[in-house]
Number of protein chains: 2
Amino acid sequence: MGTTQLETVPEPKYWHLKTVLAEALDSEFTVGEILPNERELAARFGVARATLRQALEQLELEGRLQRRRGVGTTVAPPRMGVSVGSAQDRWPGAAGDDWEAADSALSVPPASVARLLGTETDETVHTVRRSRVTGGHPVAAELLYVPGGSVPELAAVDVAAGPARARGVLRELHALGLESEDQTVELGSARADEAKQLDRLPGAPVLVVTTRYFAHGRTAAVSVATYRADTCRLTFGDSGGVRIHEDQERQAS
Amino acid sequence: MGTTQLETVPEPKYWHLKTVLAEALDSEFTVGEILPNERELAARFGVARATLRQALEQLELEGRLQRRRGVGTTVAPPRMGVSVGSAQDRWPGAAGDDWEAADSALSVPPASVARLLGTETDETVHTVRRSRVTGGHPVAAELLYVPGGSVPELAAVDVAAGPARARGVLRELHALGLESEDQTVELGSARADEAKQLDRLPGAPVLVVTTRYFAHGRTAAVSVATYRADTCRLTFGDSGGVRIHEDQERQAS
DNA sequence: CAGTGGTCTAGACCACTAC
DNA sequence: TAGTGGTCTAGACCACTGA
């Protein structure tokens, strides 16, 4: 049988399209430049808009594109390196970090957090909301959970409201003398409230960094920070003790 | 005008659907159980299959579902905790790790890797491919780049092929006495070759862990490891020095 | 207001798995 | 071969942005 078709791997259209677009981005576009709109691009490549969108979604996931409803699709800058490692001065409440305390309240943490804290599943803890801003852009939203037992002196600040109260919790926690930490990273998707803080749509991919802070041999606090996965590259260790993030790297294919 | 519609936030269908399904997964399904097929689920919820799929994709991204073509959609187990932190015995070539050396060759690394290594962009380096298997499942595919200058003794093993050669490179690297490391994590999508190693489709979301290994004050090697984002939770530090992964956590919404 | 990306539909066919 | 998820189409309408 004259099977001239030896193409055993009919590559999906959107995959090929993604490759073509990625090359075009490297060679023909500059950071910040606006691409033609989706209907136009789809027509130009002879595919349905849904197919074109599948390719764009991949490129956005890889941090190469940024799409904003009502505006358009732009070429994204290289990902920012954001330090989440064990640098001493990154501990909650330390001066000079990029975090801004938003507010604070007493609430019952999710069961997974309660397990890490070692508290009962219905026990309320101090909950601090913070936002991290780097280079003028929001990169992370954090919920910091501090059991009452970790900060016994906190009654004095308990009357203050909002940001002031949040700073009070952080100050007490810092005064505790944190000894070490312990982190995990996993992929998640932004809840509605996180999405708003991060200036993204709900469901946007985020890197969830869960940190346990230890003091006096116990778990003193747990932080759950969600970082924008499209714009951030998390950096750990900085073991040489010298380098901070550089913001100049470019991911290779 | 009788505007009884004060619903200012018409939540997208797929978003609501995802929430409903997530609750059903918690209460009515057990790990490993097979869900009804997509056409059936779509009919049951009164939506188009594309919309249903959008919800399933989100749940798969969050590690709650696993979908396999030709088979079906199953309820995924909680993510595995995999250690990628600075435990000494995780260094390349150490005994007892989960890595299996696949093969090795001389090749020109991507520009981004060459920059980290401090080599010329057209300079060849030893390149070792490894796979990491945990609990019987493939979790990561790694490319380890070792400049010739880091392992001058390597000529002796240069004749061996495949896995033997790979192990030779690792042995020499280990003998070098690595001092510290430096890591970054970012979101990526699996290339075709990585996807095959990870038993996923191309484009599947992965966590890319880039590690720089230092010896004698220089960058001795660079590793680029891609972890399955759906099944893995990366753990760093283990600062207490006691805990290994537990595999029993469950992510809260 | 016009133009953008985001959501949704109702189909079709393909690639793969397992029986 | 039957049944699954994966890809693709050609439309439609909606939510948002900025002039």
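Order of the sequence lines sets the chain letters (A, B, ...), proteins ahead of strands, with each chain counted from 1.
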What is the distance, rounded to the nearest whole Å, between atom [atom1] of [X] and atom [atom2] of [N]?
| X | N | atom1 | atom2 | value |
| --- | --- | --- | --- | --- |
| B/Gln66 | D/dG5 | CD | C1' | 13 Å |
| A/Gln58 | D/dG6 | CD | P | 13 Å |
| A/Gln54 | C/dG5 | CD | P | 17 Å |
| B/Ile34 | C/dT17 | CD1 | P | 15 Å |
| B/Leu56 | D/dG5 | CG | C1' | 10 Å |
| A/Arg49 | D/dT9 | CZ | P | 13 Å |
| B/Arg200 | D/dG5 | CZ | C1' | 12 Å |
| B/Glu57 | D/dT7 | CD | P | 9 Å |

Point-to-point distance, once rounded to the nearest 0.5 Å, from NZ of B/Lys196 to CZ of B/Arg191: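 Going from NZ on B/Lys196 over to CZ on B/Arg191, the span is 13.5 Å.
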Working to the nearest 0.5 Å, report the span between CG of A/Leu170 and CZ of A/Arg130.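 Interatomic distance, A/Leu170 CG to A/Arg130 CZ, rounded to 0.5 Å: 5.5 Å.
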Out of [options], which has the shortest distance to the side chain of [X]?
| X | options | value |
| --- | --- | --- |
| B/Arg39 | D/dG5, D/dT7, C/dG6 | D/dG5 |
| B/Lys13 | D/dT17, C/dT9, D/dA12 | C/dT9 |
| A/Arg69 | C/dA15, D/dA15, C/dC8 | D/dA15 |
| B/Glu38 | D/dG6, D/dC8, C/dG5 | D/dG6 |
| B/Arg53 | D/dG6, D/dT9, D/dC8 | D/dG6 |

So which of A/Lys18, A/Arg67, A/Arg53 actually passes salt bridge (charged side-chain N to carboxylate O under 4.0 Å, His left out) with A/Glu60?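 It is A/Arg67; the other options fail the test.
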Looking at [N], I'd like to know if its phosphate oxygens (OP1 or OP2) sit under 4.0 Å from a side-chain N or O belonging to [X].
| X | N | result |
| --- | --- | --- |
| B/Thr51 | C/dT7 | no |
| B/Arg67 | D/dT4 | no |
| A/Asn37 | C/dT4 | yes |
| A/Tyr14 | D/dT7 | yes |

N/O donor-acceptor pair, side chain A/Arg68 with base D/dG18, under 3.5 angstrom: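 Checked by distance alone, the answer is no.
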So which of A/Arg132, A/Glu194, A/Gln197 actually passes side-chain contact (heavy atoms from CB on, under 4.5 Å) with A/Thr226?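 Per the side-chain contact (heavy atoms from CB on, under 4.5 Å) rule, the option paired with A/Thr226 is A/Glu194, out of A/Arg132, A/Glu194, A/Gln197.
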Nearest nucleotide by nearest heavy atom, which residue falls closer to the 5' end of DNA chain D, A/Gly70 or A/Gly46?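 The 5'-side residue here is A/Gly46.
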Comparing B/Pro36 and A/Ala48 on DNA chain D - which has the more 5′ nearest nucleotide: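 Its nucleotide being nearer the 5' end, the pick is B/Pro36.
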Verify side chain to side chain donor-acceptor pair (under 3.5 Å) between B/Ser223 and B/Glu142, making sure each step is shown before the conclusion. CA-CA 7 Å; B/Ser223 145; B/Glu142 182 201 41; 2.6 Å; yes
